[in-house]
Asker: 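There's a structure below that I have some questions on.
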Protein chains: 2
Amino acid sequence: MNQSATIVRTGRKFSQVLEGARQVFMRDGFEGASVDDIARAANVSKATLYSYFPDKRLLFMEVAETECARMAERAMDDINKNETPREVLTTTATQIVSFLLSDFALQIFRVCVAESDRFPELGRSFYTSGPEMGQKRMSEYLRLSVDRGELKIDDVKMAAEQFSELCKAKLWTRAVFGIQSEFSQAEIDEIVTHAVDMFMARYGV
Amino acid sequence: MNQSATIVRTGRKFSQVLEGARQVFMRDGFEGASVDDIARAANVSKATLYSYFPDKRLLFMEVAETECARMAERAMDDINKNETPREVLTTTATQIVSFLLSDFALQIFRVCVAESDRFPELGRSFYTSGPEMGQKRMSEYLRLSVDRGELKIDDVKMAAEQFSELCKAKLWTRAVFGIQSEFSQAEIDEIVTHAVDMFMARYGV
DNA sequence: GCCAATATAAACTGAATAGTTCAGAATCGA
DNA sequence: TCGATTCTGAACTATTCAGTTTATATTGGC
């Protein structure tokens, strides 16, 4: 991954370039985005852009990694460990569902899926800083609850995977394929309730 | 969707073209595949190809639709309605998981996700003939079992969505991002068991 | 105010590639 | 065998786009 050596990170317009690239890549994907578009969006000349990034791929990778890190930071941040599992799970599921349905998460998912054939490192990087990261946070919480005797789980990792998977039911697939793009709170709550009910039916004490 | 009107489906080499297109699109995605490549793979001249399909997009759509139909046909075909729910669900889950992890299903998913921004009809078509189709079949079975008193389900559609989502736990995400590409029967069975256990815990009588 | 680093605009190269055209060859039904 | 349909190959157009170049302008530290 460390072709980063060849990226020049100093200079007045570095972050401008990155921000322009972010916008355009997120809107158009990798192939869809032209370097001219990016330069225009960044209010920067093409020559300047190329003085920072040796090529389009590296620029894209940089954007993707930055976005994934930002993503991981946001999602599942405020687990209040003193509430009951049902409460915690409900709060967390609501966050997860809302996040998964955001334009932002959807678009980066699309781009990463689309390009992970061409850039295997991208797939890995996304997985590590996205889904895997979430799964770890969730596992920690579940482990805690099990130790407290609040939940009864044989395989904590698997349970965490199942939980986040349940959060994708119905709406997420529809969102990914552009069938539906607006989601009411009621729709989200419905998914959340069903996810939590199912989880508790299986792992509740 | 019926730009299909403009596709000529008769002629000696129609299926040859389609098969070549299938191979190349599945390997390279939409942008990645060049029409020259496809013509070569199909053992057909470019002119012939264009005599069947007015443009690359329609050719792609045709391939995707054909593949989805084939997909829907295969998956969840042999539900033996006389077994217990646990048995039926286990068989079905095994089929679903294996199918979801096949190169074939993964590749078509990737391509459809990648291109559904540019071709909204493609996303819709994939969703309809893929996930939605599966969900309907599953719903029918669940409805039957509920009527028989074998299961207790408030929202059959939602339960069907949850079930297929549970089949994606752990392995599928890893597959989509190319983290893992070989899956042992034991790994598949693990997912299946956990999916069925969870489902039965929630909806069993 | 000067110098060195940094940025700009715009034109250019070179490579891919979608889609067209057409004269002639292969194929097939009758 | 004949005539019509279908296919071929190869050359051609036109476009898009990554990446380069160059001559000029801006900026900021000293």
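Note on naming: letters A, B, ... go to the chains in the order of the sequence lines (proteins, then strands), and numbering restarts at 1 for each one. Computed over heavy atoms, backbone and side chain alike; hydrogens, waters and symmetry mates excluded.
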Asker: Under 4.0 angstrom, heavy atoms only, what part of the nucleic acid is A/D37 near: base, sugar-phosphate, or nothing?
Answerer: nothing
Asker: What does B/A42 touch in the nucleic acid at a heavy-atom separation under 4.0 angstrom: a base, only the sugar-phosphate, or nothing?
Answerer: nothing
Asker: For B/L49 and C/dT17, give me the distance from atom CG to atom C1', rounded to whole Å.
Answerer: 14 Å
Asker: Check every strand shown and say whether B/A33 touches a base, only sugar-phosphate, or nothing at a heavy-atom separation below 4.0 Å.
Answerer: sugar-phosphate
Asker: Angle class for the A/F109/B/F109 ring planes (parallel below 30°, perpendicular above 60°, tilted otherwise)?
Answerer: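 The rings of A/F109 and B/F109 stand perpendicular, inter-plane angle above 60°.
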Asker: Would you sort out whether B/E187 and B/Q180 count as a side chain to side chain donor-acceptor pair (under 3.5 Å), showing the intermediate values?
Answerer: CA-CA 12 Å; B/E187 283 176 305; B/Q180 191 178 346; 3.0 Å; yes
Asker: Return whichever of A/S45 or B/D36 has its heavy-atom-nearest nucleotide of DNA chain C closer to the 5' end.
Answerer: A/S45
Asker: Does any part of the side chain of A/E62, heavy atoms only, come nearer than 4.5 Å to the side chain of A/I7, both counted from C-beta?
Answerer: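 Yes, at least one pair of side-chain atoms sits under 4.5 Å.
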Asker: Taking only the side-chain heavy atoms of A/K56 (C-beta and beyond), determine which of D/dT8, D/dA18, C/dT8 contains the nearest atom.
Answerer: D/dA18
Asker: Rounded to the Å, how far apart are B/E31 CD and C/dA15 P?
Answerer: 21 Å
Asker: Tell me, please, whether A/Y52 has A/K13 positioned over its six-membered ring: NZ or CZ under 6.0 Å from the ring centre and within 45 degrees of its axis?
Answerer: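 No, A/K13 and A/Y52 do not form such a contact.
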Asker: Under the 3.5 angstrom rule, does the side chain of B/S116 hit a backbone N or O of B/F119 as a donor-acceptor pair?
Answerer: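 A pair under 3.5 Å: no.
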Asker: Just how large is the angle between the end axes of the helix from C/dG1-D/dC30 to C/dA30-D/dT1, five pairs per end, to 10 degrees?
Answerer: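 The angle separating the two end axes equals 30°.
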Asker: Quick check on DNA chain C: between A/F14 and B/R57, whose nearest nucleotide comes earlier from the 5' end?
Answerer: A/F14
Asker: Rounding to an integer number of Å, can you tell me how far B/N43 CG sits from C/dA26 P?
Answerer: 16 Å
Asker: Please give, in whole Å, the distance from D/dA18 P to A/D28 CG?
Answerer: 11 Å
Asker: Under 3.5 Å, is there a donor-acceptor pair between the B/Q135 and B/S139 side chains?
Answerer: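 Short answer, yes.
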Asker: Mind checking B/T48 for me? I need base, sugar-phosphate or nothing, with any heavy atom below 4.0 Å counting as a touch.
Answerer: base
Asker: Is any side-chain N or O of B/K13 closer than 4.0 Å to OP1 or OP2 of D/dC7?
Answerer: no
Asker: For every nucleotide of nucleotides 20-30 of chain D, 5' to 3': is a protein heavy atom under 4.0 Å from its base (B), only from its sugar-phosphate (S), or from neither (-)?
Answerer: BB-----S---
Asker: Would you say D/dT6 has OP1 or OP2 under 4.0 Å from some side-chain N or O of B/Y52?
Answerer: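 No, outside the criterion.
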Asker: Distance check needed: C/dT17 C1' versus B/L59 CG, whole Å only.
Answerer: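 Taking atom C1' of C/dT17 as the reference, CG of B/L59 is at 15 Å.
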Asker: Going through the distances and angles, do A/Q95 and A/T91 end up as a side chain to side chain donor-acceptor pair (under 3.5 Å)?
Answerer: CA-CA 6 Å; A/Q95 276 185 261; A/T91 309; over 6 Å; no
Asker: Carefully, step by step, assess B/T48 and B/S51 under the rule side chain to side chain donor-acceptor pair (under 3.5 Å).
Answerer: CA-CA 5 Å; B/T48 301; B/S51 80; 5.4 Å; no
Asker: Indicate whether any N or O donor in one side chain lies under 3.5 Å from an N or O acceptor in the other, for B/E150 and B/Y203.
Answerer: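 Their side chains do not contain a donor-acceptor pair, so the 3.5 Å distance test is not met.
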Asker: What integer distance in Å separates A/L58:CG from D/dA18:P?
Answerer: 15 Å
Asker: Begin with the C-alpha distance, continue with both residues' side-chain angles, and end with the deciding distance and a verdict on salt bridge (Lys or Arg N to Asp or Glu O under 4.0 Å) for A/R86 and A/D197.
Answerer: CA-CA 9 Å; A/R86 183 159 224 115; A/D197 284 350; 2.5 Å; yes
